[in-house]
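These notes concern the structure reproduced below.
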Amino acid sequence: MSVTLPPGMDGTAFATAMRALASEIGNEWVLVTEEDLVPFKDAYGFAEPVAHVPGAAISPGNVEELRAVLRIANEHGLPLWPISRGKNYGYGGAAPVMSGTVVLDLGRMRNILDIDEKHGVAVVEPGVSFFDLYHHLEREKIPFWCSLPGHALGSVLGNALEYGLGYGPTGDRANNLVGMEVMLPSGELIRTGMGAMDGSPCWNLFPYSYGPSWDRMFMQSNFGVVTKAGVWLYPEPEEVLTIAIELPNESDIGWLVEALAALRMRGVLQGRVYTSNFMRVVMVSGRRGEWSEDSRAIPETRFKDIMGEFDLGWWGLDLNFYGEPELNRARAKVVADVFSRYTTQRFKTHSWKRGEPRPQSPAHGVPISFPLRLANWVSPNGGHLGFSPILPPDRTAIEQQISRSRALFRKHDFDFYGAVTLGERHANVVNMLAYDRSDADMGRRADALFRELMADAKARGFGEYRSHLSYMEDVAQTYDFNGGSLHRLNEWMKDAIDPNGILAPGKQGIWPTRFREKQA
Ligand code: ADP
């Protein structure tokens, strides 16, 4: 059996650490064979070079066992990579940045600890998936819905910690994760915000703290292991009103984003606002072979036919309104009036009313997983990678970004799936590339495209908000104000809170001292 060891640790020391772990959490929760570790690899990684290979995977069953795991890791200098469910495939799944790191799988801590039906809060452990929470709410007839991502195999908690975005009024998930319990690398347990007061009924209601607010410090970081958190739900609406529009021209994106941003600022829109080009629908269809015989980009001369066949415009947009029908209709009318200044295209409207069967759609609080088919667009052995810089929601900036992105996709010969997610005061431009993992040349092209997109965005001051394991370091380096002073603060913090450097080395480009030199 060949084991991938963490840097600086020999086989004997590693085996000793594994035995110590097994004696605390049980042999069956310490996985070391190649076969057992398959689910903990980067499922969408390029074939060559093989990276992010876990040394082992361990799974404590509760907070006490987790404390024992951290103690042993500190004693043996064993690096750990915490995951909740490890299903964020586009970013590396369950795999660690540094090969040899042991995946700390929190999936067994899977309890829904409390549902506050008065204030709309679920307190969950890391292993609770979106499907778990949905089934619980349904089974218990609790009149609340949980915001859901496009594919919902992942965990409610892990997704929010990574700034995941989703459907519904609470779709800005990081801002709807309120009140955490965190185990520090030392094994000490803390509660953030009002939870720092023993017995406070407001732990999961007030998002700040008395004094500094630490919650954000545990998001996209390697400073602690989150063991539970409060998630705000939204009340089952009386109605979901959906208005959908297809816009025929590539150039429609500029006015569309600017108009939506203004509507957003006026409080007219609710929930996630996501517009994408026709490739979003086409890429999950599994029909690529009908338009192309090889893995090169589908010729642009075919676009018109493809859009016609799927009855799509260049850009498609669904807006959902949640609540009382009168309010929904008033909001939809304001949007339609604004849009009529820019386009003659009309909205299609449909609605769901409480009591009717729910559509199988995350916009209606029902989890699905089929959008994962996107990964198989080019080949059954496929993968996908997203590049998502943050921009101001301004017409020119968005138009130019889309046109530069598309030119780069063309240059490297990839089909272009482009989309824009609108936040409160920003736009997130999603550039999605799908590839065949077993095609080494395609892997090299995908890597070159990603790096060019990153450099192009950086030259204009646009940075990524989240990234795949392979690019965490590179993206961190684009944040270079004052010689990278924020990064220096992160690493100073890392050494202070995790002096033995055991938690998630390299996460978001943050390394503890003992591995920092090796990476330079
Ligand atoms: P998903 O919920 O989509 O399955 P993961 O469990 O893979 O996502 O979590 C995504 C990332 O978030 C992990 O790689 C890890 O860096 C971080 N993370 C997830 N859960 C925790 C946790 N409980 N404590 C600290 N960090 C976490």
Side-chain angles (χ1 to χ4, degrees), residues 39-44 52 54 57-60 62-63 65-67 69-70 73 79-98 101-111 113 123-133 146-166 173-174 177 180-185 189-190 192 214-231 367 369 371-372 386 465-472 476 494 497-498 502-510:
F40 299 95
K41 291 191 171 161
D42 176 9
Y44 293 171
H52 316 300
I58 57 172
S59 192
N62 54 49
V63 164
E65 289 188 1
L66 174 63
R67 185 176 285 118
V69 166
L70 295 182
L80 302 172
W81 182 267
I83 59 159
S84 286
R85 296 217 68 81
K87 307 294 183 200
N88 61 341
Y89 294 123
Y91 298 99
V97 166
M98 184 177 79
T101 304
V102 172
V103 177
L104 173 57
D105 180 354
L106 302 163
R108 286 175 65 212
M109 294 167 63
R110 198 173 178 175
N111 295 303
L113 299 168
V123 179
V124 296
E125 290 188 325
V128 174
S129 71
F130 290 101
F131 279 95
D132 293 339
L133 187 51
C146 174
S147 164
L148 297 166
H151 97 75
L153 296 182
S155 68
V156 178
L157 207 151
N159 185 278
L161 291 180
E162 289 289 287
Y163 311 143
L165 299 166
R173 210 164 292 108
L177 192 78
M180 292 180 186
E181 182 183 272
V182 184
M183 189 169 284
L184 303 181
L189 204 61
I190 61 151
T192 63
W214 292 107
D215 298 65
R216 287 284 162 87
M217 190 176 90
F218 298 108
M219 294 182 170
Q220 276 202 14
S221 86
N222 48 14
F223 300 154
V225 181
V226 182
T227 50
K228 55 184 77 125
V231 179
S369 59
L372 278 173
Y465 83 107
R466 188 178 182 185
S467 97
H468 181 274
L469 302 171
S470 296
Y471 303 102
M472 281 184 177
K494 178 70 181 160
I497 204 164
D498 182 12
I502 55 161
L503 269 194
K507 167 95 179 143
Q508 251 56 39
I510 305 168

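In each ligand, atom 1 is the first atom listed, and ligand 1 is the first ligand listed. Both backbone and side-chain heavy atoms feed into the values below; hydrogens, waters and symmetry mates do not. Given the structure is predicted, the values throughout are model-derived calculations rather than measurements.
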Is there a polar contact between ligand 1 and Pro126, counting only N or O atoms under 3.5 Å apart?
no
Counting both backbone and side chain atoms, is some N or O of Val226 under 3.5 Å from an N or O of ligand 1?
yes
For ligand 1, is any non-hydrogen atom under 4.0 Å from Leu106's backbone (N, CA, C, O), its side chain (CB onward), both, or neither?
side chain
Under-4.0 Å heavy-atom contact with ligand 1, by part of Gln220 that carries it
neither
May I ask you to list the atoms of ligand 1 that are less than 4.0 angstrom from any heavy atom of [X]?
| X | answer |
| --- | --- |
| Gly154 | 1 (P), 2 (O), 3 (O), 4 (O) |
| Ile83 | 6 (O), 20 (N) |
| Glu162 | 10 (C), 11 (C), 12 (O), 17 (C) |
| Arg85 | 4 (O), 6 (O) |
| Trp81 | 14 (O) |
| Gly93 | 7 (O) |
| Ser155 | 1 (P), 2 (O), 4 (O) |
| Asn159 | 2 (O) |

[atom]: the protein heavy-atom neighbour that sits closest, reported with distance to 0.1 Å:
| atom | result |
| --- | --- |
| atom 26 (N) of ligand 1 | Leu161 CD1, 3.9 Å |
| atom 4 (O) of ligand 1 | Lys87 N, 2.5 Å |
| atom 5 (P) of ligand 1 | Gly86 N, 3.4 Å |
| atom 25 (C) of ligand 1 | Gly224 O, 3.5 Å |
| atom 3 (O) of ligand 1 | Asn88 N, 3.4 Å |
| atom 15 (C) of ligand 1 | Pro82 O, 3.2 Å |

Flag the pair [X] / [Y] as yes when at least one side-chain heavy-atom distance between them is below 4.5 Å, and no otherwise.
| X | Y | answer |
| --- | --- | --- |
| Tyr163 | Arg173 | no |
| Gln220 | Glu162 | yes |
| Asn88 | Arg466 | yes |

For ligand 1, is Ala94 a contact, meaning one of its heavy atoms is under 4.0 Å away?
no
